[in-house]
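Please read the structure below before turning to the comments.
Values below: all heavy atoms of this structure, side chains included; hydrogens, waters and symmetry mates excluded.
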Amino acid sequence: DAATVVATHLAAMHFVARSAPAGLTATAQGIYASTTGLAMGLSMIAAGSLFAAFQGRAFLAMALVSGAGILLAAVLRRSPAVNQTAYDNR
């Protein structure tokens, strides 16, 4: 839904603004936008192939990817390097 997309984008922009080195915020935002777009495009291709092969069971693979994203977010949130960088650039 749109609210989830907006919340995710705002959180990512907040993270980039706090974590990117001074003067490189726009570059970091561009890299984020490029990699996000590439990942979404590749995911759509993979999802189409999965659905063609497994129909409704393809949802399970997509749920696993979502779970992996949640785990990655939790690991990054606890990462001292990420947290220290965010506070160094204030």
Side-chain angles (χ1 to χ4, degrees):
D1 107 302
T4 303
V5 173
V6 170
T8 301
H9 179 72
L10 289 176
M13 290 300 104
H14 179 73
F15 176 80
V16 166
R18 288 181 53 176
S19 301
L24 293 176
T25 304
T27 301
Q29 287 178 351
I31 292 169
Y32 164 76
S34 298
T35 55
T36 302
L38 180 63
M40 283 192 291
L42 293 173
S43 295
M44 281 192 275
I45 292 168
S49 298
L50 272 173
F51 190 78
F54 300 107
Q55 283 83 36
R57 292 178 304 192
F59 174 79
L60 296 174
M62 294 173 210
L64 288 173
V65 171
S66 295
I70 290 170
L71 291 174
L72 180 61
V75 168
L76 287 175
R77 178 158 171 72
R78 297 180 193 277
S79 170
V82 170
N83 290 327
Q84 186 60 44
T85 303
Y87 291 108
D88 286 347
N89 290 328
R90 283 185 157 186

Atom of Val16, atom of Thr25 and distance for their closest heavy-atom approach: CG1-O, 3.9 Å

Drop me the distance from [X]'s [atom1] to [Y]'s [atom2], to the nearest 0.5 angstrom.
{"X": "Leu64", "Y": "Phe59", "atom1": "CG", "atom2": "CZ", "answer": "10.0 Å"}
{"X": "Gln29", "Y": "Ser34", "atom1": "CD", "atom2": "OG", "answer": "11.5 Å"}
{"X": "Leu71", "Y": "Leu76", "atom1": "CG", "atom2": "CG", "answer": "11.0 Å"}

With sequence neighbours excluded, residues passing side-chain contact (heavy atoms from CB on, under 4.5 Å) with Thr8: Thr4

N/O donor to acceptor pairs below 3.5 angstrom from side-chain atoms of residues 36-56, sequence neighbours left out:
residue, atom, partner, partner atom, Å
Thr36, OG1, Tyr32, O, 2.7
Ser43, OG, Ala39, O, 2.7
Ser49, OG, Ile45, O, 3.3
Gln55, NE2, Ala52, O, 3.4

